[in-house]
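Inspection log for the structure reproduced underneath, given as structure tokens.
Position 1 is the first residue of the sequence, and the numbers go up from there.
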Amino acid sequence: MPPAAAFHHRVDEGVVEKASGRQTFALPVGGQSLQYSGTLGRPGTGFRTVTRLLIGGVTTFDWTYQGTGAHTERTESLIRLSPNGLTYLCICVEGTTRIRHRGADLLLKPGRAALCSTVNPLEARHSTHNRLLTIYLDSARLDSQIPGVNRLLGTALAVEGVGELLVQHVLATMKVASGLDSAGLAAASEAVSDLLVGTLSRRAQPLSPALEAQISAYIDSWLGDPELSVERIAAAHHISVRTLHRLFQQRGETVSTHIKNRRLDGCHADLLARPDLMIGAICAKWGITDIAHFSRQYRARFGCTPTDTRDQRLNLTR
């Protein structure tokens, strides 16, 4: 672990008096400098407080903002100016922040976080009354502590359990850091690292067969609901949408294809077992609302129409 050290810094910025346009600024992270650009907000709004804490090789920023129009980004050209290999966790404390990163569009609300990399472009738009906690550390160091952590980049994570302890500890440490001696800083530094590793470790682990079985069982139990969605399945199992897609890709199919085929299989079984039921009723039972589209999908999967299946079953019983 790097030697414990603290740099406690606070900057207060008042109301934006006139339109200043986009500005480029350097964000000091440890001994490095990251280039970002953005706007504080529209004229007549805005009050941002920034508190920075450097402790044990981890740099943390506590951003609070009140106003409209705050927007920051790190573009390809800015990355070339400061190609630092850092990973950072963005944790929403108040308000909302919309982040575009690594092809994903993430909406962070209180209790949600995103894991990002400084080597990839990022765009963030902040709501009124916004507070965001960002924790930066060396990517190689984090990867050595949590194998597979790169799978989480560009995904949204729930801040719960150990994650909640991380937020509380960082904010509390910021308040008292200037009064801590070297032993206290070392203890606080170790706690930050341990809590960050604990927050990310479980998410970075490969999905277990037990979890895969739970997801499959969950999908089967909700096939009759037309509103069953990828987002709902992921949220129910506390994983990101991207992780859910990755799981099904490893199985050689997409989530939507799996759901569609399970519904078609259910309809096929009912057509054979219950020839007395109307086709529309069977479709409704399995969460299918477009019968014409269902008929085309059914033919593609079974080589015949739903009516053909029913007629074959009736002929066998005569």
Side-chain angles (χ1 to χ4, degrees), residues 104-109 111-115 146-164 198-291 293-304 306 309-310 313:
D105 189 353
L106 310 174
L107 178 62
L108 302 187
K109 300 179 180 180
R112 302 288 290 178
L115 190 67
I146 313 174
V149 71
N150 288 338
R151 290 196 295 265
L152 300 180
L153 290 172
T155 66
L157 310 170
V159 180
E160 55 191 8
V162 177
E164 293 177 299
T199 299
L200 298 175
S201 291
R202 187 173 68 87
R203 302 295 186 186
Q205 295 296 325
L207 293 177
S208 67
L211 180 57
E212 291 188 41
Q214 291 174 14
I215 292 172
S216 295
Y218 179 88
I219 290 174
D220 283 348
S221 68
W222 287 98
L223 286 173
D225 185 353
E227 301 300 320
L228 180 64
S229 66
V230 173
E231 292 76 14
R232 199 169 96 190
I233 297 167
H237 295 86
H238 307 291
I239 60 176
S240 69
V241 168
R242 180 170 292 188
T243 298
L244 183 62
H245 283 307
R246 176 168 53 83
L247 166 64
F248 278 83
Q249 286 169 358
Q250 292 172 352
R251 292 165 51 168
E253 62 181 346
T254 65
V255 183
S256 58
T257 297
H258 176 79
I259 293 173
K260 178 194 72 175
N261 288 338
R262 293 296 294 150
R263 283 172 168 160
L264 290 174
D265 290 344
C267 290
H268 182 70
D270 280 350
L271 285 167
L272 292 174
R274 295 291 308 275
D276 56 307
L277 291 178
M278 299 291 289
I279 292 177
I282 292 176
C283 286
K285 172 185 173 183
W286 292 100
I288 297 171
T289 57
D290 188 335
I291 296 180
H293 187 53
F294 157 73
S295 296
R296 292 191 293 271
Q297 291 180 332
Y298 189 94
R299 180 189 284 274
R301 182 161 178 79
F302 299 107
C304 61
T309 299
R310 164 160 290 163
R313 176 69 178 85

Closest non-hydrogen atom pair, V159 against A113: CG2-CB, 3.6 Å
Would you list the pairs meeting salt bridge (charged side-chain N to carboxylate O under 4.0 Å, His left out) in which at least one residue belongs to residues 294-304, sequence neighbours left out? D265-R301
Donor-acceptor check, side chain of S216 to backbone of A213, threshold 3.5 angstrom: yes or no? no
Side chain to side chain contact (heavy atoms under 4.5 Å, CB included) against V162, all qualifying residues, sequence neighbours excluded: L195, T199
Are the side chains of L228 and Y218 in touch, meaning some heavy atoms are under 4.5 Å apart? yes
To the nearest 0.5 Å, what is the distance between CG (L244) and CZ (R232)? 13.0 Å
What residues form a side chain to side chain contact (heavy atoms under 4.5 Å, CB included) with A114, not counting sequence neighbours? I99, L106, L108, C116
I233 side, atom CD1; I219 side, atom CD1 - distance, nearest 0.5 Å: 4.0 Å
Could you check F294 against L264 for side-chain contact (heavy atoms from CB on, under 4.5 Å), going step by step and ending with a plain yes or no? CA-CA 8 Å; F294 157 73; L264 290 174; 3.7 Å; yes
Please list, chain by chain and in numerical order, all residues satisfying salt bridge (Lys or Arg N to Asp or Glu O under 4.0 Å) with K285, sequence neighbours excluded. D270
Heavy-atom donor-acceptor pair, R112 side chain to L107 backbone, under 3.5 Å: no
If you round to the nearest 0.5 Å, how far is OG of S256 from CZ of F248? 10.0 Å
To the closest 0.5 Å, what do you measure between CD1 (I282) and CZ (R263)? 15.0 Å
Closest approach of C283 to C267 (non-hydrogen atoms, all atoms of both residues): CA-SG, 4.5 Å
Distance check, rounded to the nearest 0.5 Å: L247 atom CG versus E253 atom CD? 9.0 Å
My understanding is that only residues two or more places apart in sequence, or in another chain, count here; which of them pass salt bridge (Lys or Arg N to Asp or Glu O under 4.0 Å) with D290? none
Contacts of V149 meeting side chain to side chain contact (heavy atoms under 4.5 Å, CB included) (sequence neighbours excluded), chain-then-number -> L115, L142, D143, I146, L152, L200
CZ-NE2 distance between R310 and H268, expressed to the nearest 0.5 angstrom: 12.5 Å
